[in-house]
Amino acid sequence: PDGRYVLATEGSNSSGGAHFVEAIGIAISVGESIARDLGSWQLLRRFAEDSKIKLFSSSRVTQARSNLLVGGQPFAALLSRRQLDRLVAPYIAKALDVPETCIAGAGLAWRDIDLVLLAGGATTMPTAKELVLERSGLPPETVMAQQQHQAVAYGAAILADGIESGERRTHNVATFELGMRTWDRASGKVAITPLIKRNTPLPATKRLTLYTTRPDQTRLVLDLVQTR
């Protein structure tokens, strides 16, 4: 049937904007006492967040600075674009492992991708697109960066429109593997029996025959779990 088909999904919670802020805060901190001074640490985090947004929003801005009162002492905080690029590059490189895993999960390679849409505030920095081009080997015109902050909201709106109209325009896949806790007689331990594997097109069905663990058993509890 017509519509949009999701082939695979993947994600990470260890390489986002919050990790950028943490890395920046640590880099510009002045001594180990900052970590024990919650108020001073919050000031540095706020400066790191504001500086990140300022440097990401315009390529003409080369540095961000602010005078802070840290640990009761005046502190001139400074973050340059070169510093920022160096601090966040490892996180962006790690984040690029996510689409590669997703593409492989769909049985594809970078050469099969027609268009890459960058989403999220972190992709507003030029380094993000440069690393995507370097890793993928795709031509520059196929990696698009438009309205990165609103991209996810636009996608949600498209899905909501399909739900509201009653039309199934997007065909999704299982984002996790669905399994069931069963008793493995060979090992004598509880095991997870896969029912629906991750990235299986939905809706999906699975037929499975289960047996009780003893002849006089009159009750059966089904324990379904999701795993990555």
Side-chain angles (χ1 to χ4, degrees), residues 1 3-23 25-26 32 35-36 38 41 45 87-113 116-120 122-123 128 131-132 135-137 151-152 155-156 158-160 162-163 168-228:
R4 294 171 291 272
Y5 285 81
V6 177
L7 302 181
T9 64
E10 186 60 60
S12 171
N13 57 4
S14 61
S15 55
H19 299 87
F20 294 0
V21 171
E22 193 79 10
I26 292 173
E32 296 180 0
R36 298 191 295 270
L38 182 59
W41 180 243
R45 283 182 58 87
L87 289 169
V88 304
Y91 293 98
I92 296 178
K94 185 177 181 181
L96 283 175
D97 292 339
V98 176
E100 289 192 338
T101 301
C102 185
I103 292 170
L108 303 174
W110 278 116
R111 62 179 178 275
D112 302 311
I113 305 301
V116 175
L117 178 63
L118 301 179
T123 63
L131 289 174
V132 170
R135 180 80 73 92
S136 67
V152 174
I158 292 173
L159 292 175
I163 295 173
R168 187 165 178 264
R169 301 174 184 174
T170 301
H171 304 268
N172 220 325
V173 297
T175 55
F176 295 91
E177 181 172 276
L178 180 65
M180 179 185 295
R181 296 187 192 276
T182 56
W183 182 259
D184 185 356
R185 291 188 176 183
S187 64
K189 297 179 181 180
V190 174
I192 304 297
T193 299
L195 298 177
I196 298 176
K197 293 187 177 296
R198 189 179 180 193
N199 292 330
T200 297
L202 298 177
T205 59
K206 173 74 173 184
R207 294 183 180 275
L208 184 68
T209 301
L210 300 173
Y211 298 91
T212 57
T213 57
R214 60 179 188 273
D216 59 342
Q217 184 174 339
T218 59
R219 184 168 171 264
L220 188 66
V221 177
L222 301 181
D223 188 7
L224 301 178
V225 297
Q226 287 187 140
T227 62
R228 275 196 176 275

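Counting from 1, the numbers follow the sequence of the chain as shown.
Shown here for Thr123 and Ala128, the closest heavy-atom pair between the two residues is CA-CB, 3.8 Å. Residue Ala119 comes nearest to Ala151 through the heavy atom pair CB-CB, 3.8 Å, listed as atom of the first residue, atom of the second, then distance. For the residue pair Ala106 and Leu7, the shortest heavy atom distance occurs at CB-CB, 3.7 Å. Scanning both residues, Ala191 and Asp184, for their nearest heavy atoms gives CB-CB, 4.1 Å. Across all their heavy atoms, Ile192 and Gly179 have their closest contact at CG2-CA, 4.1 Å.
Distance OG1/Thr200 to CG/Leu178: 9.5 Å, rounded to 0.5 Å. If you take CG on Leu87 and CD on Glu22, they are separated by 12.0 Å, rounding to the nearest 0.5 Å. We find the CZ-CG distance between Arg4 and Asn172 to be 11.0 Å, quoted to the nearest 0.5 Å. In this structure, the separation between CG on Leu131 and OG on Ser136 is 10.5 Å, given to the nearest 0.5 Å. The distance from atom CZ of Arg135 to atom CG of Asp97, rounded to the nearest 0.5 Å, is 5.0 Å. Taking CG from Leu195 and NZ from Lys206, the interatomic distance works out to 7.0 Å, rounded to the nearest 0.5 Å.
Judged as a side chain to side chain contact (heavy atoms under 4.5 Å, CB included), and not counting sequence neighbours, the contacts of Val98 are Glu10, Ser12. For Thr227, there are no side chain to side chain donor-acceptor pair (under 3.5 Å) partners two or more places apart in sequence or in a different chain.
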Please output the side-chain donor-acceptor pairs of residues 216-225 that fall under 3.5 Å, not counting sequence neighbours, one pair per line with the distance.
| residue | atom | partner | partner atom | Å |
| --- | --- | --- | --- | --- |
| Asp216 | OD1 | Arg214 | NE | 3.2 |
| Gln217 | OE1 | Thr213 | N | 3.0 |
| Gln217 | OE1 | Thr213 | OG1 | 3.1 |
| Gln217 | NE2 | Arg219 | O | 2.7 |
| Asp223 | OD2 | Arg181 | NE | 2.8 |

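Between the Arg198 side chain and the Thr9 main chain, a donor and an acceptor come within less than 3.5 Å of each other.
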